[in-house]
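Here is the structure we will look at.
Small disclaimer: the values here were computed from a predicted structure and weren't measured. What you see below is based on every heavy atom in this structure, not just the backbone, and it leaves out hydrogens, waters and symmetry mates. Remember, it's 1-based here, ligands and their atoms both numbered in the order they're listed. We number each residue from 1, following the sequence as shown.
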Amino acid sequence: MSAAYNQDFFVSWEELHRDTRQLCAMLMEDASYPFKGIIAVTRGGLIPAAIVARELDIRLIDTVCIASYEGTEAQERSESLRVIKPAAGDGTGMLLVDDLVDTGATARKLREMLPGATFATVYAKPEGRPLVDHCVRTVTQDTWIRFPWDMELNFSAPLVERKK
Ligand SMILES: O=P(O)(O)OC[C@H]1O[C@H](OP(=O)(O)OP(=O)(O)O)[C@H](O)[C@@H]1O
């Protein structure tokens, strides 16, 4: 059962880059390294996948296109996921890359589909963590991760003005 989201964790482009590079260093120690190719999980995995591809010198990049239906409760996500499969057999030798594992519904689906793949996410929450092989940072289940592509810079009023 997933908790409600009570806190935000803001990730800048620089932090995402640094964390993804750290993930790459971990991946170089994996038993399946070097990987034949990457399967990026759309859409959140696309940018981390590009960074991983550069660091590990991987040119073969496929996608698995996966999304939940609008308005679906987290616990029902697994049944509601729409998937367009990559052409990667059972995924042996391939590296699945996503930005985040949260409830684990997406990861569970991908594991069924590509049991041979190594699965890496940059961030993880406790419910989903056991489903991925590698991740750099874990945040609490009630944290909403704010990725840089979902944000924009805005003026912030000084505190004294906010109190007026
Ligand atoms: O562990 P889960 O609860 O399944 O959540 C993790 C998934 O949720 C996010 O994708 P999202 O469905 O928001 O789609 P998007 O990446 O296209 O925005 C994220 O990129 C993961 O793929």
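- Those atoms of ligand 1 with a heavy atom of G44 less than 4.0 angstrom away are 16 (O), 20 (O).
- For ligand 1, the atoms lying closer than 4.0 Å to a non-hydrogen atom of R43 are 15 (P), 16 (O), 17 (O), 18 (O).
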Could you please spell out the steps behind the side chain to side chain contact (heavy atoms under 4.5 Å, CB included) verdict for F119 and L114? CA-CA 10 Å; F119 198 167; L114 300 161; over 6 Å; no
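- Taking each heavy atom of L23 and T121 in turn, the nearest pair found is CD1-O, 3.6 Å.
- By the neighbour-count criterion of 12 heavy atoms within 6.0 Å, atom CZ of R162 is densely surrounded, having more than that number from other residues, nucleotides or ligands.
- With hydrogens and angles ignored, the 3.5 Å screen pairs no side-chain donor or acceptor of E161 with any backbone N or O of P158.
- In the model, R43 has no side-chain atom that pairs as donor or acceptor with a side-chain atom of T63 under 3.5 Å.
- No N or O atom of G45 sits closer than 3.5 Å to an N or O atom of ligand 1.
- Interface atoms of ligand 1 facing D102, defined by a heavy-atom separation under 4.0 Å, are 1 (O), 2 (P), 3 (O), 5 (O), 6 (C).
- At least one N or O atom of G104, backbone or side chain, sits closer than 3.5 Å to an N or O atom of ligand 1.
- Contacts of I47 classified as side-chain contact (heavy atoms from CB on, under 4.5 Å), with partners at least two apart in sequence or in another chain: W13, L16, I51, W149.
- With a heavy-atom cut-off of 4.0 Å, T103 touches ligand 1 through backbone and side chain alike.
- Counting heavy atoms closer than 4.0 Å to ligand 1, residue T106 contributes atoms from both its backbone and its side chain.
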